[in-house]
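Side-chain atoms are counted along with the backbone in the values below, which use heavy atoms only and exclude waters and symmetry mates.
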Amino acid sequence: MHVLILGGTTEARALAARLHATVRVTSSLAGRVAAPRLPVGEVRIGGFGGVDGLVEWVRAHAVDVLIDATHPFAENISFNAARAAATAHVPLLALRRPGWVPAAGDDWHPVSSLEEAARTLDGLGGRVFLTTGRMGLAAFADCPQWFLVRSVDAPEPPMPARTEVLLDRGPFTLEGERELLARHGIDVLVTKDSGGAATAPKLAAAREAGIPVVTVRRPPVPRGVPVAATPEEAAAWVRGRAEAPPPRA
């Protein structure tokens with residue numbers, strides 16, 4: 001069996017580690033991070049060129065199972081995967097870590113887009129900790145607030161006029177996030193609902209400090225695609241397919 005994992009996430013690496021001893025695993029990374037953490041097994045880096053390119057790759061490399069373990073906000077890739085899987089007649093599973101859930105004391109302001117997040121900042125604070133990644137900063141380019149932008153790789157313009165960039169990679173600690181908020185005088189946090197534990201300490205630190213959090217809701221998984229919440233669930237699903245593989249078209 002050949003499993004193609006569309007990944008780059010912590011969960012994708014964990015799934016590859018669980019599967020590589022029993023099945024052939026190829027992990028595909030988008031190539032947006034300069035020095036990604038590589039999973040075990042075969043790795044390809046770069047896009048496929050849309051749905052048609054993915055279908056061609058799946059067929060040319062005899063892929064039996066496709067796993068969409070991309071970032072919860074990689075909406076275009078997820079919908080391309082759904083269309084490609086249907087065209088190539090291979091089963092598709094989405095591996096999605098659960099989203100964050102507000103706790104007592106949180107002051108969350110859910111929004112549906114980065115643009116709405118930018119509009120929501122007015123009245124919440126003047127010093128913003130922006131943790132939505134280096135992509136999409138253009139949505140905040142006209143904001144008058146001061147921004148601390150944290151990302152793995154350096155962002156490119158357009159971005160807010162008053163911006164300090166912090167290059168760092170999780171996982172982060174609660175103590176470290178407390179110190180960062182205090183050192184920079186942060187009074188509002190903007191984040192995507194990425195879920196997971198690696199970057200969750202910022203939410204606890206904001207709660208302790210009474211800082212409002214603007215949370216961007218994640219897009220839905222394409223309709224009809226089954227979802228696993230953990231690498232363990234995804235591995236069990238793949239093993240079930242290996243025991244009774246469907247006929248190829």
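Remark: side-chain polar atoms of R96 are paired, donor with acceptor, to backbone N or O of D68 under 3.5 angstrom. Here the side chain of H109 pairs no donor or acceptor atom with the backbone of T120 at under 3.5 angstrom. With hydrogens and angles ignored, the 3.5 Å screen pairs no side-chain donor or acceptor of T26 with any backbone N or O of E42. At least one donor-acceptor pair closer than 3.5 Å links the side chain of R162 to the backbone N or O of P144.
L189 contributes atom CG, which lies 5.0 Å from atom OG1 of T131 (distance to the nearest 0.5 angstrom). Atoms CG and CD, on L15 and E233 in that order, are 11.5 Å from each other to the nearest 0.5 Å. Note that the OG1 atom of T132 and the CG atom of D193 stand 13.0 Å from one another [nearest 0.5 Å]. Atom-to-atom distance recorded for I211:CD1 and F129:CZ is 10.0 Å, nearest 0.5 angstrom. Between the CD atom in E177 and the CG atom in L174 there is a gap of 8.0 Å [rounded to 0.5 Å]. Here CD of E156 is found 8.5 Å from CE of M135. Values are rounded to the nearest 0.5 Å.
Within 6.0 Å of CZ on R223 lie no more than 12 heavy atoms contributed by other residues, nucleotides or ligands. Remark: E56 CD is loosely packed, at most 12 non-hydrogen atoms of other residues, nucleotides or ligands lying under 6.0 Å away. More than 12 heavy atoms of other shown residues, nucleotides or ligands fall within 6.0 angstrom of atom CG in D168. Within a 6.0 Å radius of CG in N76, other residues, nucleotides and ligands contribute 12 heavy atoms or fewer.
Residues L54 and L4 meet the side-chain proximity criterion, which asks for heavy atoms closer than 4.5 Å. The closest side-chain heavy-atom distance from H184 to W146 is below 4.5 Å. With a 4.5 Å cut-off on side-chain heavy atoms, S151 and L167 count as touching. Between V190 and F147 the shortest side-chain heavy-atom distance does not fall below 4.5 Å. Here the side chains of V188 and P212 are in contact, with some heavy-atom distance below 4.5 Å.
Under a hydrophobic-cluster definition in which Ile, Leu, Val, Met, Phe, Trp and Tyr are linked whenever side-chain heavy atoms come within less than 4.5 Å, directly or via other members, L203 and I186 are assigned to the same cluster. Residues V111 and V149 are members of one and the same hydrophobic cluster, defined by side-chain heavy-atom contacts under 4.5 angstrom among Ile, Leu, Val, Met, Phe, Trp and Tyr. Transitive grouping of hydrophobic side chains (ILVMFWY, heavy atoms separated by less than 4.5 Å) keeps L180 and V165 in distinct clusters. Grouping the Ile, Leu, Val, Met, Phe, Trp and Tyr side chains by contacts below 4.5 angstrom, directly or via other members, places V90 apart from V55. Cluster annotation: L148 is not connected to M159 through the hydrophobic network of ILVMFWY side chains, with a link wherever side-chain heavy atoms come within less than 4.5 Å.
Closest non-hydrogen pair, A118 versus A139, comes out as CB-O, 3.3 Å. The shortest heavy-atom contact between P222 and S78 is CG-O, 3.7 Å. Across every non-hydrogen atom of L95 and P231, the tightest pair is CD1-N, 3.9 Å. For the pair A206 and L181, the tightest heavy-atom approach, listed with the atom from each and the gap, is N-CD1, 3.8 Å. Across V216 and S112, no two heavy atoms sit closer than the pair CG1-C, 4.2 Å. Across every non-hydrogen atom of V40 and A17, the tightest pair is CG2-CA, 3.5 Å.
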**Request:** Begin from the C-alpha positions of T9 and R97 and carry the test side-chain contact (heavy atoms from CB on, under 4.5 Å) through to its verdict.
**Result:** CA-CA 10 Å; T9 59; R97 70 188 76 141; 3.6 Å; yes
**Request:** Take L114 and K192 through the test side-chain contact (heavy atoms from CB on, under 4.5 Å) and record every step on the way to the result.
**Result:** CA-CA 9 Å; L114 293 176; K192 293 177 177 179; 4.2 Å; yes
**Request:** In sequence, state the C-alpha distance, the side-chain angles, and the governing distance for V23 and D64, and then conclude on side-chain contact (heavy atoms from CB on, under 4.5 Å).
**Result:** CA-CA 11 Å; V23 300; D64 299 289; over 6 Å; no
**Request:** Please step through side-chain contact (heavy atoms from CB on, under 4.5 Å) for the pair M1 and V65, ending with a clear verdict.
**Result:** CA-CA 8 Å; M1 169 176 278; V65 170; 3.8 Å; yes
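Between V214 and the choices T191, L130, V128, L124, the side chain to side chain contact (heavy atoms under 4.5 Å, CB included) rule is met once, by L124.
By the side chain to side chain contact (heavy atoms under 4.5 Å, CB included) test, T199 pairs with W100, F172, K202, sequence neighbours left out.
Taking the six-membered ring where tryptophan is involved, the planes of W57 and F48 are perpendicular, since the angle between them exceeds 60° and thus also 30°. Ring orientation note: the planes of F73 and H71 are tilted relative to one another, at an angle of 30° to 60°.
Salt bridge annotation for R207-D106: present, with a cationic side-chain nitrogen under 4.0 angstrom from a carboxylate oxygen.
A side-chain donor from one of E232 and T230 sits under 3.5 Å from a side-chain acceptor of the other.
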